Amino acid sequence: MAAQFLSTEALLEALADASFDRPPALVSNAHVTGLGVARALDAHDVPVIALDRAGDAEGGGAAGTDSGEAGAVRHDGLAPPSDAVDFAGAVSYPLDDLDGFRDDVEAVVDAAGTEAVAFGCMDEWALAYAEADPDGVRLPFAGIDTLDDVLNKSSLYAACEALGVPYPETYRLAETASAATREPDAGVDEAAAALGFPLVVKPELKRDFEEAFGTNVIEVADRGEFEDVVAAASDEGIAVMAQKRVDIATGRDHSLASYVPPSGTGDALAVVGNAAVRYPQQFGTSCLVETADEPAIAERALTVLDDAGYHGISEAEFVFDADREEYLLLDVNTRPWKWISMPVAAGANLPMAAYAAVTDAAYESGGTEPTRWVSLRDYLSLLAGDDAFWDQLSTADWRRLVSGAFEREGDLTTGVYRPSDPAPAAKLFETAFVDRDYYCSC
């Protein structure tokens with residue numbers, strides 16, 4: 001167990017004293033998604049090195065450790081105290097210093113004395129591993145050009161148009177065409193007339209947009225707000241699109257969770273998940289996800305992935321448009337995501353399949369079973385704060401959760417809380433009630 005989140009120097013020293021009988025996994029970032037990936041790999045005895053940026057430089061030790069411990073730095077993520085994580089430490093944040101990130105990762109590999117397998121658990125980390133291409137690091141996913149094509153909303157929706165995959169009505173805006181990768185469809189006037197208000201503004205590529213605006217989508221209520229957001233994006237040199245605000249049927253969001261090997265989508269390992277409950281309910285983060293039998297979702301998602309030539313782990317997100325009465329593809333995340341533990345518990349260990357594809361390890365799914373996943377922190381917040389929400393867990397579910405029996409029986413798994421691996425949940429309680437921000441929920 002990595003009881004401390006170490007500085008880069010202290011991490012390199014610790015790795016130099018370690019030995020590995022197989023390539024370790026480099027899991028970035030070290031939060032909820034990274035925890036799910038680490039646990040999935042640890043179940044097959046894969047060593048895990050969690051890499052992330054350090055938190056607040058003031059205060060010495062990491063949360064959950066003695067503040068005076070040598071080499072420890074603050075980090076509020078939940079993966080480092082897990083029994084599934086062998087080592088954890090800081091590297092340069094790639095959005096601030098890509099060259100420094102490459103140098104740090106190569107130093108980690110050199111100190112470990114063996115090649116490693118990279119798992120980027122947020123867009124910036126997955127893209128950084130692909131773009132920096134550090135020596136000694138094996139990528140279990142497609143290269144940077146393919147990633148950029150899939151993550152570029154203009155390219156994605158153009159592919160959907162060509163393939164007959166439904167997606168929300170969208171217009172590439174002429175006002176930001178100088179930063180775009182494709183020709184515009186309309187200006188602000190035409191888009192407003194076609195879509196009406198409210199509508200949503202999305203970037204072609206969300207990395208720079210998130211850095212500039214703190215979110216990856218902005219809903220605008222009127223013409224003035226629309227013009228202001230587009231003008232701000234133009235000033236930042238960011239291409240944006242206007243998209244119809246979909247009348248989403250609450251509780252009917254679906255995603256294809258999959259690993260596509262280099263051999264193609266015909267050999268994909270996949271599970272469809274229904275985000276039955278979100279927190280907040282309409283547009284919030286997933287907090288109760290269950291397997292679903294929706295072959296059309298799987299077919300459409302795999303068609304898009306096949307067209308892009310993508311291999312690796314991904315989540316293809318669909319919403320159900322109540323007006324059109326059909327599922328629309330919103331996004332494809334070319335990485336693990338918050339509820340990655342659900343397909344793992346269902347019998348499709350996507351991280352292990354990806355790891356096995358680039359190492360000598362072996363993995364084969366024995367088939368999948370109906371499974372539910374719950375983020376207890378979000379779910380309990382919803383129960384406590386929304387009088388209109390009714391509990392969807394049974395008395396037997398709650399008894400299994402409280403006793404820990406859910407880890408051995410039943411069809412329910414969790415995001416963080418595991419009595420067999422208690423330190424992440426304990427740290428979540430600590431970071432939830434201290435006077436500082438927990439900067440990432442995923």
Side-chain angles (χ1 to χ4, degrees), residues 1-18 20 24-39 41-42 46-97 100-101 103-112 116 118-122 124-125 128-129 336 338 377 415-418 421-442:
M1 167 179 154
Q4 304 174 26
F5 187 81
L6 303 174
S7 67
T8 307
E9 295 76 13
L11 175 63
L12 297 179
E13 291 178 6
L15 290 172
D17 292 334
F20 299 93
L26 307 180
V27 177
S28 305
N29 57 17
H31 295 274
V32 175
T33 303
L35 175 62
V37 171
R39 283 170 167 169
L41 296 170
D42 179 67
V46 175
V48 173
I49 303 171
L51 301 178
D52 203 348
R53 58 175 167 176
D56 185 352
E58 301 295 327
T65 70
D66 295 331
S67 61
E69 289 183 273
V73 296
R74 185 172 300 285
H75 177 263
D76 289 342
L78 303 178
S82 170
D83 289 337
V85 176
D86 297 275
F87 299 91
V91 292
S92 297
Y93 186 49
L95 290 184
D96 294 335
D97 183 1
F101 169 76
D103 291 343
D104 288 348
V105 171
E106 289 180 348
V108 165
V109 171
D110 185 62
F119 289 85
C121 298
M122 295 290 283
E124 66 265 33
W125 295 96
Y129 279 116
K338 183 179 179 182
R377 179 189 186 184
V416 175
Y417 168 67
R418 304 276 177 88
D421 184 24
K427 189 175 180 182
L428 179 60
F429 279 110
E430 179 182 350
T431 57
F433 298 108
V434 296
D435 187 22
R436 64 176 182 274
D437 290 334
Y438 173 42
Y439 85 84
C440 176
S441 66
C442 298

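All of these numbers come straight from a predicted model, not from anything done at the bench.
Atom CG of D42 sits about 10.5 Å away from atom CG of L35, to the nearest 0.5 Å. Taken to the nearest 0.5 Å, the CG atom of L12 stands 8.5 Å off from the CG atom of D110. The structure places OG of S7 at 14.5 Å from CZ of R74, a figure rounded to the nearest 0.5 Å. For the atom pair OG (S82) and CZ (R418), the distance works out to 9.0 Å, reported to the nearest 0.5 Å.
D83 places no side-chain N or O within 3.5 Å of a backbone atom of D421 that could act as its donor or acceptor partner. In this structure, K427 contributes its side chain and D76 its backbone to no donor-acceptor pair below 3.5 Å. At least one donor-acceptor pair under 3.5 Å links the side chain of R39 to the backbone N or O of V416. The main-chain N or O of P336 is never found under 3.5 Å from a side-chain atom of T33 such that the two would form a donor-acceptor pair. Within the 3.5 Å criterion, the main-chain N or O of A90 finds a donor-acceptor partner in the side chain of T8. Between the side chain of D86 and the main chain of V48, a donor-acceptor pair closer than 3.5 Å is present.
With a 4.5 Å cut-off on side-chain heavy atoms, L6 and F87 do not count as touching. Side-chain contact between R377 and L428 is present, with at least one heavy-atom pair separated by less than 4.5 Å. At a threshold of 4.5 Å between non-hydrogen side-chain atoms, the residues Y93 and D104 do not count as touching. Two residues are said to be in side-chain contact when any heavy atoms from C-beta on lie closer than 4.5 Å; H75 and P80 meet this criterion. Between P24 and V46, every side-chain heavy-atom pair lies at or beyond the 4.5 Å cut-off. Taking 4.5 Å as the limit, every side-chain heavy atom of V27 sits out of range of all side-chain heavy atoms of I49.
For the pair P81 and G77, the tightest heavy-atom approach, listed with the atom from each and the gap, is CD-O, 4.4 Å. Considering every non-hydrogen atom in both W125 and S28, the closest pair reads CE3-CB, 3.5 Å. Annotation for C121 and G34: closest pair SG-CA, 3.9 Å, computed over non-hydrogen atoms. Minimum heavy-atom separation, V85 to A88: CG1-CB, 4.2 Å. Considering every non-hydrogen atom in both Y417 and A425, the closest pair reads CA-CB, 4.0 Å.
With no hydrogens or angles considered, a side-chain donor-acceptor pair links H31 and D52 at under 3.5 Å.
Each of V37, L51, L26 was scored for a side-chain contact (heavy atoms from CB on, under 4.5 Å) with F119, with one residue passing: V37.
Relative ring orientation between Y129 and F101 is described as perpendicular, the plane-to-plane angle rising above 60° on a 0-90° scale split at 30° and 60°.
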